[in-house]
Amino acid sequence: MEEFILSIIENFKELSYLGIMLALTIEFVPAELVLPLAGFWVYEGDMTLWGTVLAGTIGGTFGPLTLYAVGRFGGRPFLLKFGKFVFINEEKLAKADTFFARNGAMVAFTARFLPGVRTLISIPCGMAKMNVWVFSIYTFLAMFPITFIYVYLGFKLGERWKDVAELANSYILPIGIGVLVIFLLYKFLSIRRKKLINKNIVN
């Protein structure tokens, strides 16, 4: 399956930066394959680093919008019926639902750093009818550093670009955990502040 997907990605190379964007709008094509390979193309001198990062970030924002639309307009029954054709199952949906329920709209940002939910989190965002502009902005802001890490490592490793996926997680996961901790701390302090304000009003 991986070789088949790689053959598809290679065809997009002829379209240069547009090809990277288009490849990433197809959500079943893993960014973990597209971006390191794009980094290798930078290594070969076919593209520039920052042009590739920008194209990858834009494509990485449009891709989740397709799943957001499926969640918003198709709903859970549609996904359970047809999701198997794009590797979506009940277990993956449950993980995404749980993460969204715990963290609210900010998941469009934080979940991008966490393996296992980063792709499918778009679905509960759509099902909850989250504002599409807020969703897009959060997604773009998260995808920029992630894209940079994958492309830069692909560029640095050159012909060993296939080793990037495992190495990248050692950078991305700690960032994601840090972002999540900061977000949860912010939520805790916000709730505490509201309680203090309400208490002062009552007194």
Side-chain angles (χ1 to χ4, degrees), residues 1-68 83-89 91-93 95-96 99 107-123 139-180:
M1 175 60 78
E2 182 176 316
E3 292 302 319
F4 171 70
I5 294 175
L6 282 174
S7 68
I8 294 175
I9 299 171
E10 285 285 358
N11 290 326
F12 281 108
K13 183 183 180 183
E14 297 179 7
L15 298 174
S16 189
Y17 301 110
L18 178 61
I20 294 173
M21 286 189 280
L22 291 175
L24 289 168
T25 61
I26 306 171
E27 277 294 81
F28 73 84
V29 176
E32 291 85 352
L33 282 178
V34 177
L35 295 175
L37 179 54
F40 175 61
W41 295 338
V42 174
Y43 167 82
E44 291 185 311
D46 296 324
M47 301 178 190
T48 66
L49 176 64
W50 289 110
T52 302
V53 170
L54 180 60
T57 303
I58 294 172
T61 302
F62 278 121
L65 277 170
T66 59
L67 287 183
Y68 170 91
K84 60 186 177 181
F85 298 110
V86 288
F87 311 109
I88 297 173
N89 56 37
E91 182 182 355
K92 290 180 178 179
L93 276 178
K95 286 183 180 179
F99 195 84
V107 298
F109 178 81
T110 56
R112 301 294 166 197
F113 296 92
L114 304 176
V117 296
R118 66 166 56 123
T119 300
L120 293 178
I121 200 62
S122 305
I123 295 172
T139 301
F140 183 91
L141 292 175
M143 286 308 302
F144 184 81
I146 292 171
T147 300
F148 176 80
I149 289 171
Y150 275 110
V151 172
Y152 182 76
L153 288 176
F155 165 64
K156 281 297 183 181
L157 292 182
E159 295 181 357
R160 294 191 296 114
W161 65 268
K162 287 187 178 181
D163 297 334
V164 167
E166 184 176 348
L167 181 61
N169 283 332
S170 65
Y171 291 94
I172 294 172
L173 188 57
I175 294 173
I177 293 173
V179 169
L180 187 58

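Position 1 is the first residue of the sequence; numbering continues from there.
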(Q) Assess the residue pair Leu35 and Leu24 against the criterion (side-chain contact (heavy atoms from CB on, under 4.5 Å)); give the C-alpha distance rounded to whole Å, side-chain angles, the decisive distance to 0.1 Å, and a yes or no. (A) CA-CA 9 Å; Leu35 295 175; Leu24 289 168; 3.8 Å; yes
Q: Test side-chain contact (heavy atoms from CB on, under 4.5 Å) on Ile20 and Trp41 and set out the steps.
A: CA-CA 11 Å; Ile20 294 173; Trp41 295 338; 4.2 Å; yes
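With a 4.5 Å cut-off on side-chain heavy atoms, Leu37 and Leu33 do not count as touching.
Applying the salt bridge (Lys or Arg N to Asp or Glu O under 4.0 Å) rule to pairs touching residues 30-39 yields Glu32-Arg118, sequence neighbours excluded. Applying the salt bridge (Lys or Arg N to Asp or Glu O under 4.0 Å) rule to pairs touching residues 149-158 yields nothing, sequence neighbours excluded. The salt bridge (Lys or Arg N to Asp or Glu O under 4.0 Å) contacts involving residues 36-53 comprise Lys13-Glu44, Lys13-Asp46, where partners must be two or more places apart or lie in separate chains.
Atom CD in Glu159 sits 5.0 Å away from atom OH in Tyr43 (nearest 0.5 Å). Taking CZ of Phe140 as the start and OG1 of Thr61 as the end, the distance is 6.0 Å to the nearest 0.5 Å.
Screening Leu54, Leu15, Ile58 for a side-chain contact (heavy atoms from CB on, under 4.5 Å) involving Met21 leaves a single residue, Ile58.
Not a single side chain to side chain contact (heavy atoms under 4.5 Å, CB included) links Glu14 to another residue, sequence neighbours left out. Qualifying side-chain hydrogen bond (donor to acceptor under 3.5 Å, both in side chains) partners for Thr48, counting only residues two or more places apart in sequence or in other chains: Tyr17.
The two atoms that bring Pro36 and Ala31 nearest to each other are CD-O, 3.6 Å, heavy atoms only. Residues Gly60 and Thr139 share a closest heavy-atom pair of O-CG2, 3.8 Å.
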May I have the list of side-chain donor-acceptor pairs in residues 141-155 shorter than 3.5 Å, sequence neighbours left out?
from   : atom 1 : to     : atom 2 : distance (Å)
Thr147 : OG1    : Met143 : O      : 2.6

